[in-house]
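For reference, the structure discussed in these notes is given below.
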Amino acid sequence: MYDREVKRLRAHLRGLDSRKWSARSHCHGWSVKDVVAHLSTDEVYNQACLDGTLEQLPFSGGLRGWNERGVRVRRGLSPLEVLQEWEARQEWVRRRWGAIGVDGRIDTSVGRYPLRLQVWHLAREYAIHADDIEVPLSQRERRAQLRWRVAFGLFAAHEEGEPVDAEMVGSRVRLRHQSRTHELDLETFIAYLTNRPQQLKQAAARALVRRLGAAG
């Protein structure tokens, strides 16, 4: 799934013209180019996990500050430069992960962590940001993607100490929230999990996610 997310992101980004690179994304204040700059920032972190330099990363200001700096310092680069940086960093990380094997463990900001789960986390991150820049998917691909995103999203919420009381039932999710039960389609539930109502096309679904609030 990780490799599929990378492949479709690359294919989409390589086909963009300058107008589409500068278009607004669903990340407030970020263009499509800014989102890709953020992906490079993610890979800087992944590289540091692998080469033992985590303590050298400038995390003053917390995660939000780190993310904003990563985008800001790349604003003067061209779209091609931003794309090439992300591709180069991602390929380096992928090769190192391949050498370790998914049954291995790596250093992270929370200590030694299973590589298999780290790969899933990044696959989910790529899927979220692909939606932010509206990377197209066939209906079949979208259905398969949403199912693994729901399954892993529920696991990740529990892992992060903010469990979500929900279960997937067929092609829908039964969410129990503040003494009420909601039946959500997979798109709407993913928007709830990721706090991105703006990604939804239907106004009623966006309003529902905003009423429910962010997961956790």
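As the structure is a prediction and not an experimental result, all values here were calculated from the model.
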Quick one: do Leu77 and Trp21 end up in the same hydrophobic cluster if we chain Ile, Leu, Val, Met, Phe, Trp and Tyr together by side-chain heavy atoms under 4.5 Å apart?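 In one cluster: yes.
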
Starting from Ile190, can I reach Val35 by hopping between I/L/V/M/F/W/Y residues whose side chains sit under 4.5 Å apart? no

Would you say [atom1] of [X] has more than 12 non-hydrogen atoms from neighbouring residues, nucleotides or ligands within 6.0 angstrom?
| X | atom1 | answer |
| --- | --- | --- |
| Arg24 | CZ | no |
| Glu183 | CD | yes |
| Arg180 | CZ | no |

Kindly determine whether Arg172 and Glu167 satisfy salt bridge (Lys or Arg N to Asp or Glu O under 4.0 Å), including the steps that lead there. CA-CA 9 Å; Arg172 300 184 71 79; Glu167 60 182 335; over 6 Å; no

Could you walk me through whether Asp42 and Glu125 satisfy the side-chain contact (heavy atoms from CB on, under 4.5 Å) test, starting with their C-alpha distance in whole Å, then the side-chain angles of each, then the deciding distance to 0.1 Å, before giving a yes or no? CA-CA 9 Å; Asp42 279 348; Glu125 178 83 354; 3.0 Å; yes

Side-chain heavy atoms of [X] within contact of [Y], under 4.5 Å:
| X | Y | result |
| --- | --- | --- |
| Asn195 | Val209 | no |
| Leu193 | Phe189 | yes |
| Glu43 | Glu87 | no |
| Val44 | Arg89 | yes |
| Val93 | Arg96 | no |
| Ser171 | Asp185 | no |
| Gln90 | Arg95 | no |
| Leu175 | Thr181 | no |

Pair [X] and [Y], ring centroids less than 6.0 Å apart:
| X | Y | answer |
| --- | --- | --- |
| His182 | Tyr192 | no |
| Tyr45 | Trp66 | no |
| Trp86 | Tyr126 | yes |

Derivation and outcome, side chain to side chain donor-acceptor pair (under 3.5 Å), residues His38 and Glu68: CA-CA 8 Å; His38 170 64; Glu68 290 295 340; over 6 Å; no

Nearest heavy-atom pair of [X] and [Y]: which atoms, and what distance?
| X | Y | answer |
| --- | --- | --- |
| Glu5 | Ala123 | CG-O, 3.8 Å |
| Leu212 | Leu184 | CD1-CD1, 4.3 Å |
| His12 | Ile133 | NE2-O, 3.9 Å |
| Gly29 | Arg75 | O-NH2, 3.8 Å |
| Gly170 | Met168 | O-CG, 3.7 Å |
| Asp132 | Cys27 | OD2-SG, 3.0 Å |

Within this structure, what is the [atom1]-[atom2] distance for the pair [X] and [Y], rounded to the nearest 0.5 Å?
| X | Y | atom1 | atom2 | value |
| --- | --- | --- | --- | --- |
| Arg149 | Leu154 | CZ | CG | 12.5 Å |
| Arg105 | Arg116 | CZ | CZ | 12.0 Å |
| Arg4 | Trp148 | CZ | CH2 | 10.5 Å |
| Leu115 | Leu50 | CG | CG | 8.0 Å |
| Asn67 | Arg72 | CG | CZ | 11.0 Å |
| Arg74 | Ser40 | CZ | OG | 5.0 Å |

Could you check whether [Y] and [X], counting side-chain N and O atoms only, form a donor-acceptor pair closer than 3.5 Å?
| X | Y | value |
| --- | --- | --- |
| Gln139 | Arg142 | no |
| Thr53 | Gln56 | no |
| Gln198 | Arg206 | no |

Would His177 and Asp165 satisfy side-chain contact (heavy atoms from CB on, under 4.5 Å), going step by step from the backbone distance to the final call? CA-CA 7 Å; His177 179 78; Asp165 188 1; over 6 Å; no

Set out, in order, the CA-CA distance, both residues' side-chain angles and the distance that settles salt bridge (Lys or Arg N to Asp or Glu O under 4.0 Å) for Arg196 and Asp131, then state yes or no. CA-CA 10 Å; Arg196 276 173 162 75; Asp131 284 355; over 6 Å; no

SB check Glu187 Arg143 (cutoff 4.0 Å): no

Salt bridge present between Lys201 and Glu134 (N-O < 4.0 angstrom):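 Judged by the 4.0 Å cut-off on N to carboxylate O distance, Lys201 and Glu134 do form a salt bridge.
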
Whether Phe155 and His121 hold their rings parallel, tilted or perpendicular, with breakpoints at 30° and 60°: tilted

Keeping Glu141 on the side-chain end and Ser138 on the backbone end, is there a donor-acceptor pair under 3.5 Å? yes

